[in-house]
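Notes follow once the structure below has been shown.
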Amino acid sequence: MKKLKYNILAFALLLSSVVIAQQTPASKQTNAISIEGATAHLGNGQVIENSLIMFNDGKITFVGSANMKIARQGNVMQAQGKHIYPGFIAPNSTLGLVEVDAVRASDDADEVGAMNPHIRSLIAYNTESKIVESMRPNGVLMGQITPRGGRISGASSVVQFDAWNWEDAAIKADDGIHMNWPSPFSRGRWWLGEPSMLKENKDYKKQVEELSTYFAESKAYQASNKSPKHLPFEALQGLINGSKKLYVHVDAERGITDAITFTKQNNIKYLVIVGGYEANKVSNLLKQNNVPVLLQRVHSKPKNDDDDYDLPFKLANELVRSGVLVGLENAGDMERMNARNLPFLAGTCAAYGLDKEQALSLITLNTAKILGVAAKVGSLEVGKDATLFISEGDALDMRTNKLEKAYIQGRDISLESHQTELYKRYSNKYKN
């Protein structure tokens, strides 16, 4: 009887795991598809009215006007009045690394220690995440999975959101290493009765010197016989030879300037500023050094008392006008859940000065360029992955971002999630 109870319990657990699992990844594309008549937003600033998009074997084979006399391939979909977009990309995200914040066993976002350049977020990425699943109905089909914590957090990877495992998901493994730059300033701790105003961080210089010393030790290791093997120092070599980018998370003007100086001193080839709240104050320096910015969440409050009330909304426009390559990230409170709102952040940028197609590039081609995956994704161009979707209307407007179809690498993916299932369940309840 006891054994029977255990068997029943095991069976119940199995059923529950089946119920909560993500949808089975879509099958590989076997038939060519032609989408005709929609307005195509290519992601590179161009728009084609009455377009024809064709793809086969997971790759885009034709992008042009439906007026062209060319044979349609495979299954032909009529999409008049609809809009086609490249899949949106969510950079600097912990999607798939944390499922339930209150359950420590489901949290793989950070590791113990301050210097962890050898930590790889990719191998902790959970393709079965229900949170990841909920990104796809808004057109967010890819992301840069990024570790947190410490001074050097580890390596991020770029993935697509329809996969059996992390090997299948990877678009670019270990694209870069993330560093949390020391803050030049700190705020008083109000719970201890200290003033809340900004004050200088007395340990700032020491903290920057610690980073310089760490990189100097890494270079000394690389020049030695590398025995015994030091995995963190091995990982830093990618920053020197250009196989990895250095993503520096920093907001302050002085911190951004010092980070650029640091990369020059250490012969680091590629630097990306993540956050960049005061990047507009050093936009000329960023442009001169070809340093792109993954800009902080647009839907934020101003951080300083003398900032314009709408500074977060118009910051992207100011940087783009200065010639800086800009993408949008969504880090902050509830960043995983809010990653699905990424297109609406771009929509806000359009409302505050940017052309609508420029705003679209912030979450498509610009981000793909910054992450080093523009040869594969980020725009609707021949030869790139057929990662795209069809929307009823403007995908940057939450009122009209209604997906009808979505494809990842040519696979016709499901747009259902546990949230859409709940919506249908309770809609039916009140209809009846």
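The shown structure was predicted, so the numbers you read here are calculated from the model rather than taken from an experiment. For the numbers below, each heavy atom of this structure counts, side chains included, while hydrogens, waters and symmetry mates do not.
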To the nearest 0.5 Å, tell me how far [X] [atom1] sits from [Y] [atom2].
{"X": "Ser300", "Y": "Phe313", "atom1": "OG", "atom2": "CZ", "result": "8.5 Å"}
{"X": "Asp175", "Y": "Ser156", "atom1": "CG", "atom2": "OG", "result": "3.5 Å"}
{"X": "Gln144", "Y": "Tyr247", "atom1": "CD", "atom2": "OH", "result": "4.5 Å"}
{"X": "Ser134", "Y": "Phe161", "atom1": "OG", "atom2": "CZ", "result": "9.5 Å"}
{"X": "Ile84", "Y": "Leu52", "atom1": "CD1", "atom2": "CG", "result": "8.5 Å"}
{"X": "Ile131", "Y": "Met337", "atom1": "CD1", "atom2": "CE", "result": "4.5 Å"}

Short N-O contact, [X] and [Y], less than 4.0 angstrom:
{"X": "Glu381", "Y": "Lys384", "answer": "yes"}
{"X": "Lys130", "Y": "Glu133", "answer": "no"}
{"X": "Asp397", "Y": "Arg399", "answer": "yes"}
{"X": "Glu335", "Y": "Arg148", "answer": "yes"}
{"X": "Asp385", "Y": "Lys59", "answer": "yes"}
{"X": "Lys356", "Y": "Asp394", "answer": "yes"}

If you look only at pairs with a residue in residues 211-221, which of them pass as a side-chain hydrogen bond (donor to acceptor under 3.5 Å, both in side chains), with sequence neighbours excluded?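 For residues 211-221: Tyr221-Glu234.
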
Does [X] use its side chain to pair, donor to acceptor, with the backbone of [Y] at less than 3.5 Å?
{"X": "Ser51", "Y": "Ala38", "value": "yes"}
{"X": "Thr420", "Y": "Glu416", "value": "no"}
{"X": "Arg104", "Y": "Asp107", "value": "yes"}
{"X": "Asn138", "Y": "Val140", "value": "no"}
{"X": "Asp307", "Y": "Asn304", "value": "yes"}
{"X": "Asp308", "Y": "Asp310", "value": "no"}
{"X": "Asn180", "Y": "Gly150", "value": "yes"}
{"X": "Asn241", "Y": "Ser243", "value": "yes"}
{"X": "Lys245", "Y": "Ile370", "value": "yes"}
{"X": "Asn401", "Y": "Ala395", "value": "yes"}

Which label fits [X] and [Y]: parallel for a plane angle under 30°, tilted from 30 to 60°, or perpendicular past 60°?
{"X": "His41", "Y": "Tyr85", "answer": "parallel"}
{"X": "His230", "Y": "Phe233", "answer": "parallel"}
{"X": "His178", "Y": "His249", "answer": "tilted"}

Assess the residue pair Asn280 and Glu318 against the criterion (side chain to side chain donor-acceptor pair (under 3.5 Å)); give the C-alpha distance rounded to whole Å, side-chain angles, the decisive distance to 0.1 Å, and a yes or no. CA-CA 7 Å; Asn280 60 327; Glu318 292 185 9; 3.1 Å; yes

Between Leu403 and Ile390, is a side chain to side chain contact (heavy atoms under 4.5 Å, CB included) present by the stated rule, with each step listed? CA-CA 6 Å; Leu403 271 63; Ile390 303 173; over 6 Å; no

Would you tell me whether Asp168 and Gln160 have side-chain atoms, one donor and one acceptor, within less than 3.5 Å of each other? no

Are side-chain N/O atoms of Thr39 and Glu49 paired as donor and acceptor at under 3.5 Å? yes

Yes or no on side chain to side chain donor-acceptor pair (under 3.5 Å) for Gln358 and Arg321, after CA distance, side-chain angles and deciding distance? CA-CA 11 Å; Gln358 285 181 314; Arg321 288 181 179 275; over 6 Å; no

Given Val324 and Val291, is the side chain to side chain contact (heavy atoms under 4.5 Å, CB included) satisfied, shown in steps? CA-CA 7 Å; Val324 179; Val291 177; over 6 Å; no

Walk me through it: do Gln29 and Asp412 pass the test side chain to side chain contact (heavy atoms under 4.5 Å, CB included)? CA-CA 8 Å; Gln29 182 183 8; Asp412 186 356; over 6 Å; no

Is the [atom1] atom of [X] crowded by more than 12 outside heavy atoms at less than 6.0 Å?
{"X": "Lys264", "atom1": "NZ", "value": "no"}
{"X": "Tyr270", "atom1": "OH", "value": "no"}
{"X": "Lys314", "atom1": "NZ", "value": "yes"}

Can you list everything that forms a side chain to side chain donor-acceptor pair (under 3.5 Å) with Asp251? Sequence neighbours excluded, please.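 Asp251: side chain to side chain donor-acceptor pair (under 3.5 Å) contacts with Lys303.
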
Check: Phe185 ring centroid to Tyr204 ring centroid under 6.0 Å: no

Below 6.0 angstrom between ring centroids: does that apply to Tyr407 and Phe55?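 Centroid separation for Tyr407 and Phe55: below 6.0 Å.
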
